[in-house]
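Heads up, the thing below is written out as structure tokens.
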Amino acid sequence: MESAAELLNVIDVEATCWEGEPPDGAVGEIIEIGLTVVDLAAGERVGRHRVLVRPVRSAVGSFCTELTGLTQEEVDTGLGFADACRLLAAEHRAGERAWASWGDYDRHQFTRQCRAADTAYPFGRRHTNAKAAFTEAHGLRKRPGMAQALRIAGLPLEGRHHCGEDDAWNIAALILDLAARDAWPTAASPR
């Protein structure tokens, strides 16, 4: 039986995106949810997951494919957004475990999309902005992007940047590095 205090869900989402403004009627929608489970007590990443999500109000164009590596054909095989949220709750205990993301974009994107789709928000209130924790721990004036933070911490970028699964894995490495330095917040604050 896991202890909720030990396991942390690290989330990174990729969404439909455009080089400029979105086409008329299109909105940014989650198309990939990367999730890495971190055992803070053991100091290791214990699970790596990827959930593809089928957009309904936008499409994956060439800019988005270039950035994320995802194609429309791939995301067409994904779950509907509501089903993806239910999967997070059922299989990854998203409502019970504390969770973290790099910045607040992922949390806000879920909030917006859940509201627009009339879908239950899958996460609990214990969220940590890992970017803010990293910035404070390293005494930085500006909050760095994930790739820059990896360089600052002396950690490798594993996989493809802007792939949700790989980014969640890398963010988890940064969190574990902070935890090893006693710089990871022990109690995630309510969102």
Side-chain angles (χ1 to χ4, degrees), residues 1-17 28-55 60 67-70 74-75 77-114 117 119-134 145-147 149-150 155 157-179 184-185 188 191:
M1 182 82 178
E2 76 179 52
S3 165
E6 294 175 350
L7 296 183
L8 174 73
N9 284 339
V10 179
I11 302 290
D12 185 79
V13 301
E14 300 302 325
T16 49
C17 54
E29 295 177 272
I30 295 170
I31 54 175
E32 181 190 14
I33 304 165
L35 186 151
T36 295
V37 180
V38 172
D39 184 332
L40 290 167
E44 63 185 2
R45 298 173 283 192
V46 296
R48 182 179 178 136
H49 308 279
R50 179 184 199 209
V51 179
L52 292 179
V53 182
R54 192 174 50 253
V60 175
L67 184 67
T68 67
L70 294 167
E74 282 179 286
V75 299
T77 68
L79 297 174
F81 179 70
D83 288 335
C85 288
R86 283 190 285 275
L87 179 133
L88 290 171
E91 292 187 21
H92 302 290
R93 299 180 63 187
E96 300 168 41
R97 288 182 190 157
W99 69 291
S101 60
W102 195 256
D104 284 325
Y105 169 80
D106 306 80
R107 184 170 58 87
H108 291 309
Q109 181 63 33
F110 264 103
T111 300
R112 280 189 301 268
Q113 198 161 335
C114 284
T119 297
Y121 186 74
F123 299 105
R125 298 182 54 83
R126 294 177 302 140
H127 173 263
T128 300
N129 177 334
K131 183 190 283 193
F134 182 90
M146 184 206 66
L150 288 166
L155 297 171
L157 173 65
E158 297 181 56
R160 178 191 173 106
H161 192 23
H162 298 299
C163 165
E165 179 184 13
D166 292 342
D167 285 354
W169 186 255
N170 286 303
I171 295 163
L174 288 163
I175 290 169
L176 288 171
D177 185 65
L178 290 174
W184 182 249
R191 56 184 180 100

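Quick caveat, the model's predicted, so the values are computed rather than measured.
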Can you name the nearest heavy-atom pair linking [X] to [Y], along with the distance?
| X | Y | answer |
| --- | --- | --- |
| E6 | A41 | CG-CB, 3.9 Å |
| A179 | L40 | CB-CD2, 4.4 Å |
| C114 | P122 | SG-CD, 3.9 Å |
| P185 | A133 | CD-CB, 4.0 Å |
| R97 | R126 | C-NH2, 3.4 Å |
| E74 | L52 | O-CD1, 3.7 Å |

Point to revise | L35 and V51: CA distance, side-chain angles, deciding distance, side-chain contact (heavy atoms from CB on, under 4.5 Å) verdict | key: CA-CA 8 Å; L35 186 151; V51 179; over 6 Å; no

Test side chain to side chain contact (heavy atoms under 4.5 Å, CB included) applied to [X] and [options], the passing residue:
| X | options | result |
| --- | --- | --- |
| I171 | L150, I11, D12 | D12 |
| V37 | V10, L8, V46 | V46 |
| I175 | W184, F134, W102 | W184 |

Under a 4.5 Å cut-off applied to non-hydrogen side-chain atoms, are [X] and [Y] in contact?
| X | Y | answer |
| --- | --- | --- |
| I30 | F110 | yes |
| Y105 | V13 | yes |
| C163 | E14 | no |
| L7 | N9 | no |
| V38 | E44 | no |
| V53 | E29 | no |

Practice item. For the pair R107 and Y121, evaluate side-chain contact (heavy atoms from CB on, under 4.5 Å) and give the outcome as yes or no after the intermediate values. Key: CA-CA 10 Å; R107 184 170 58 87; Y121 186 74; 3.5 Å; yes

Inter-residue atom distance [X].[atom1] - [Y].[atom2], 0.5 Å rounding:
| X | Y | atom1 | atom2 | answer |
| --- | --- | --- | --- | --- |
| L88 | R93 | CG | CZ | 14.0 Å |
| N170 | L157 | CG | CG | 5.0 Å |
| S101 | Q109 | OG | CD | 12.0 Å |

Exercise for review: Output yes when a side-chain donor or acceptor of T68 lies under 3.5 Å from a complementary backbone atom of L70, and no otherwise.
Suggested key: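 Yes, because the side chain of T68 sits within donor-acceptor range (under 3.5 Å) of the backbone of L70.
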
**Study point:** Exam field: side chain T77 to backbone V75, donor-acceptor pair closer than 3.5 Å
**Key:**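 No.
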
Review point. Are D166 and R50 close enough for a salt bridge, meaning some N to O gap below 4.0 Å?
Key: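 No salt bridge links D166 with R50.
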
Review point. Going by atom types alone, do H49 and T36 pair a side-chain donor with an acceptor below 3.5 Å?
Key: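 No.
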
Check your understanding: Looking just at side-chain N and O atoms, do H161 and D167 make a donor-acceptor pair shorter than 3.5 Å?
Key ->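 Per modelled atom types, H161 and D167 side chains form a pair under 3.5 Å.
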
Check your understanding: Checking R45 against W169: charged group under 6.0 Å from the ring centre and within 45 degrees of the axis?
Key ->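 The answer is yes; both the distance and angle limits are met.
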
